[in-house]
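Let me begin by presenting the structure, written as structure tokens, before commenting on it.
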Amino acid sequence: MATIKNLAFIPKDKLRALASNSKINDCLRDFPAPLDTFHGILPLRFKFLNEFYAAVDDNKIYALISIEKDNNRTNSLNISKIYIDEAVLKYGELLINYVVSKFLSQGAESFFTVVDETDDKMLKLFSDVCKFRIQAAEYLYKIKKSDFPYQKDTSYEFIRFSKNYETSKIANLYNGQLKSHQLPVFGVADSCLKDPLFVGIYNNIAFRYVLENTAKNIIFGYFTISTKNNTDFLLDVVLLNSYEAFLADILKFTKSEISKRNTSWTLYLRLRDCFVNCKAMLDVMKNYDFTHYRKSKILVKDMFKTAKAGNSIYNKQIIFDAPAY
């Protein structure tokens with residue numbers, strides 16, 4: 001009979017003995033981290049690291065999952081990594097449902113995962129078996145170091161670090177660029193845009209920037225550069241409509257900044273079609289002949305329910321958002 005175990009409470013030497021194959025053994029290479037045992041007993045609102053769970057049967061691990069708090073939404077969690085032995089997919093269902101139930105009881109409201117669109121087995125497991133819904137598409141581009149040559153003395157005076165006191169303004173920009181029906185799922189909270197205290201102990205370090213037109217005193221873009229290992233960097237960009245061309249400048253700036261931290265790096269640009277101008281930014285990437293690295297599906301499980309056509313409120317429309325006298 002399979003049981004679910006938190007890897008933080010299993011000694012590292014015993015984890016090696018539990019690996020059912022070489023892939024599982026590779027996944028266990030970095031587990032557990034020094035703070036994992038302490039982190040495992042923290043309430044949800046105080047968690048800041050990944051947590052790892054495994055489905056164990058007959059003293060062998062057949063499925064692994066990594067879950068972490070979402071950077072943009074309160075009480076939201078990402079299933080960031082999952083490995084399931086293809087011969088026993090039932091352990092994947094058991095593990096996913098366990099993690100969802102465990103964190104729902106602790107106050108979580110939504111769960112996200114990203115699955116390669118070509119991975120039919122994993123898509124079926126999440127959508128058909130575990131009842132996640134496909135919410136949006138994600139496009140990933142891999143940027144080579146030789147792309148976008150730049151001069152070290154190039155000035156990007158319109159780009160600066162974001163500041164904690166302007167998070168409300170940034171949240172309005174971010175949420176305003178989301179498609180209206182995607183806002184309840186992908187909307188960002190003001191509090192999540194602030195730089196956290198003791199950032200050095202987090203799994204993921206993010207640098208936050210804004211693009212500002214100082215003459216008009218408006219912020220027309222926001223982006224983050226994040227990394228977990230100071231080698232692989234992830235770039236997320238939000239730009240107002242008609243400002244998509246600035247994506248090229250953001251890429252040049254990002255290349256310059258991460259080159260200061262590491263001479264050997266890989267940059268991934270992530271674009272999601274939950275934003276109204278995703279197609280325009282994809283066109284910018286096509287114009288520069290970047291190779292599309294991967295397209296994935298974003299799957300979500302949350303407390304919201306979609307109204308059906310037979311529902312009495314389905315065709316209702318809100319005309320005024322304030323009472324009329």
(message) Within the 4.5 Å heavy-atom criterion, are Ile219 and Leu211 side-chain neighbours or not?
(response) no
(request) Decide yes or no on side chain to side chain contact (heavy atoms under 4.5 Å, CB included) for Ser256 and Lys260, but give the supporting numbers first. (result) CA-CA 7 Å; Ser256 173; Lys260 296 175 183 176; 4.2 Å; yes
(request) Search all heavy atoms of His292 against all heavy atoms of Leu140 and return the closest pair with its distance. (result) CD2-O, 3.5 Å
(request) Using the test side chain to side chain contact (heavy atoms under 4.5 Å, CB included), find all partners of Ser168 that sit at least two apart in sequence or belong to another chain. (result) Asn172, Asp190
(message) For the CG atom of Leu234 and the OG1 atom of Thr266, what is their distance to the nearest 0.5 Å?
(response) 12.0 Å
(request) State whether a side-chain donor-acceptor pair under 3.5 Å links Ser264 with Asn262. (result) no
(request) Output yes when a side-chain donor or acceptor of Thr113 lies under 3.5 Å from a complementary backbone atom of Leu299, and no otherwise. (result) no
(request) Apply salt bridge (Lys or Arg N to Asp or Glu O under 4.0 Å) to the pair Lys297 and Glu138, showing each step before the final yes or no. (result) CA-CA 6 Å; Lys297 301 294 186 183; Glu138 177 179 292; over 6 Å; no
(message) Classify the ring geometry of Phe126 against Phe132: parallel below 30°, tilted from 30° to 60°, perpendicular beyond 60°.
(response) perpendicular
(request) Determine, using the 4.5 Å side-chain heavy-atom cutoff (strictly less than), whether Leu282 and Leu251 are members of one ILVMFWY cluster. (result) yes
(message) Any heavy-atom pair between the side chains of Lys131 and Lys301 that's under 4.5 Å?
(response) yes
(message) So Tyr174 and Leu178, do their side chains get closer than 4.5 Å, heavy atoms only?
(response) yes
(request) Decide yes or no for Leu269 and Leu271: does some side-chain heavy atom of the first lie under 4.5 Å from some side-chain heavy atom of the second? (result) yes
(request) Report the distance from atom CZ of Arg73 to atom SG of Cys192, rounding to the nearest 0.5 Å. (result) 8.5 Å
(request) Without swapping roles, check the side chain of Thr224 against the backbone of Ser226 for a donor-acceptor pair under 3.5 Å. (result) no
(message) Could you check whether any side-chain heavy atom of Met122 comes within less than 4.5 Å of a side-chain heavy atom of Ile82, counting everything from C-beta outward?
(response) yes
(request) Indicate the atoms forming the closest heavy-atom contact of Asp273 with Ala137, along with that distance. (result) OD1-N, 2.9 Å
(message) Please give me the minimum heavy-atom distance between Val99 and Phe111, naming the atom from each residue.
(response) O-CE2, 4.3 Å
(request) Kindly give the heavy-atom pair with the smallest separation between Lys255 and Trp265, and that separation in Å. (result) CG-CZ2, 3.6 Å
(message) Could you see if Phe161 belongs to whatever hydrophobic cluster contains Ile170? Use Ile, Leu, Val, Met, Phe, Trp, Tyr and a side-chain cutoff under 4.5 Å.
(response) yes
(request) Answer yes or no: is there a donor N or O on one side and an acceptor on the other, between the side chain of Ser105 and the main chain of Lys102, under 3.5 Å? (result) yes
(message) A side-chain contact here means heavy atoms from C-beta on lying under 4.5 Å apart; do Asp116 and Leu123 qualify?
(response) no
(message) As an exercise, state the distance from CG of Leu235 to OG1 of Thr227, rounded to the nearest 0.5 Å.
(response) 12.5 Å
(message) Same cluster or not: Tyr98 versus Ile96, using hydrophobic residues (I, L, V, M, F, W, Y) connected whenever any side-chain heavy atoms lie under 4.5 Å apart?
(response) yes
(message) Nearest 0.5 Å, please: how far is OG in Ser242 from CG in Asn277?
(response) 9.0 Å
(request) Any side-chain hydrogen bond (donor to acceptor under 3.5 Å, both in side chains) involving residues 179-189? Give me the pairs, sequence neighbours left out, ordered by first then second residue. (result) Gln135-Gln182
(request) Given side chain to side chain contact (heavy atoms under 4.5 Å, CB included), test Leu95 with Tyr53 step by step and report yes or no. (result) CA-CA 8 Å; Leu95 187 55; Tyr53 295 86; 3.9 Å; yes
(message) Checking Val188 against Asn175 for the side chain to side chain contact (heavy atoms under 4.5 Å, CB included) test, could you report, in this order, the C-alpha distance in whole Å, the side-chain angles of both residues, the deciding distance, and whether it holds?
(response) CA-CA 7 Å; Val188 67; Asn175 294 332; 3.4 Å; yes
(message) Keeping Asp283 on the side-chain end and Lys286 on the backbone end, is there a donor-acceptor pair under 3.5 Å?
(response) no
(request) Measure from the side-chain N and O atoms of Asp119 to the backbone N and O of Val115, and report whether any donor-acceptor pair falls under 3.5 Å. (result) no
(request) Give, for atom CD of Glu212 and atom CD1 of Ile159, the distance between the pair rounded to the nearest 0.5 Å. (result) 11.5 Å
(message) Taking Val284 as the starting point, is it possible to reach Phe275 by hopping between hydrophobic residues whose side chains are less than 4.5 Å apart?
(response) yes
(request) Carefully, step by step, assess Phe233 and Arg261 under the rule side chain to side chain contact (heavy atoms under 4.5 Å, CB included). (result) CA-CA 11 Å; Phe233 293 83; Arg261 299 177 61 86; 4.3 Å; yes
(message) Quick check on the 6.0 Å ring-centre criterion: do Tyr293 and Tyr141 meet it?
(response) no
(message) So Cys130 and Glu93, do their side chains get closer than 4.5 Å, heavy atoms only?
(response) yes
(request) Please check if the side chain of Arg270 supplies one atom and the backbone of Tyr139 the other of a donor-acceptor pair under 3.5 Å. (result) no
(request) Apply ring-ring contact (aromatic ring centres under 6.0 Å, His included) to the pair Tyr62 and Tyr83, showing each step before the final yes or no. (result) CA-CA 8 Å; Tyr62 290 100; Tyr83 174 78; over 10 Å; no
(message) Once rounded to the nearest 0.5 Å, what's the spacing between atom OH of Tyr91 and atom CD1 of Ile61?
(response) 12.5 Å
(request) Measure up the Tyr156 and Phe158 rings against each other and bin them: parallel (under 30°), tilted (30 to 60°), perpendicular (over 60°). (result) perpendicular
(request) State, to 0.1 Å, how close Ile67 and Ser80 come at their nearest heavy-atom pair, and which atoms those are. (result) N-OG, 4.5 Å
(message) With a 3.5 Å distance limit and no angle check, can you tell me whether Gln177 reaches the backbone of Leu239 through a side-chain donor-acceptor pair?
(response) yes
(request) Please test Lys163 against Glu166 for salt bridge (Lys or Arg N to Asp or Glu O under 4.0 Å), starting from the C-alpha separation and ending with a verdict. (result) CA-CA 6 Å; Lys163 300 173 183 177; Glu166 59 188 356; over 6 Å; no
(message) Checking the side chain of Lys81 only, and the main-chain atoms of Leu64 only, is there a donor and an acceptor separated by less than 3.5 Å?
(response) no
(message) For Tyr209 and Phe223, take the angle between the two ring planes, folded into 0 to 90°, and tell me which bin it lands in: parallel under 30, tilted 30 to 60, perpendicular over 60.
(response) parallel
(request) For the residue pair Val185 and Arg133, establish whether any side-chain heavy-atom pair is separated by less than 4.5 Å. (result) yes
(request) Locate the shortest heavy-atom distance separating Lys194 from Asn164; write the atom from each residue and the value. (result) CA-OD1, 3.3 Å
(request) Consider only side-chain heavy atoms of I, L, V, M, F, W and Y, link residues closer than 4.5 Å, and tell whether Ile250 and Tyr243 are in one cluster. (result) yes
(message) Thr3: which residues meet the side chain to side chain contact (heavy atoms under 4.5 Å, CB included) condition with it, sequence neighbours left out?
(response) Lys5, Val56
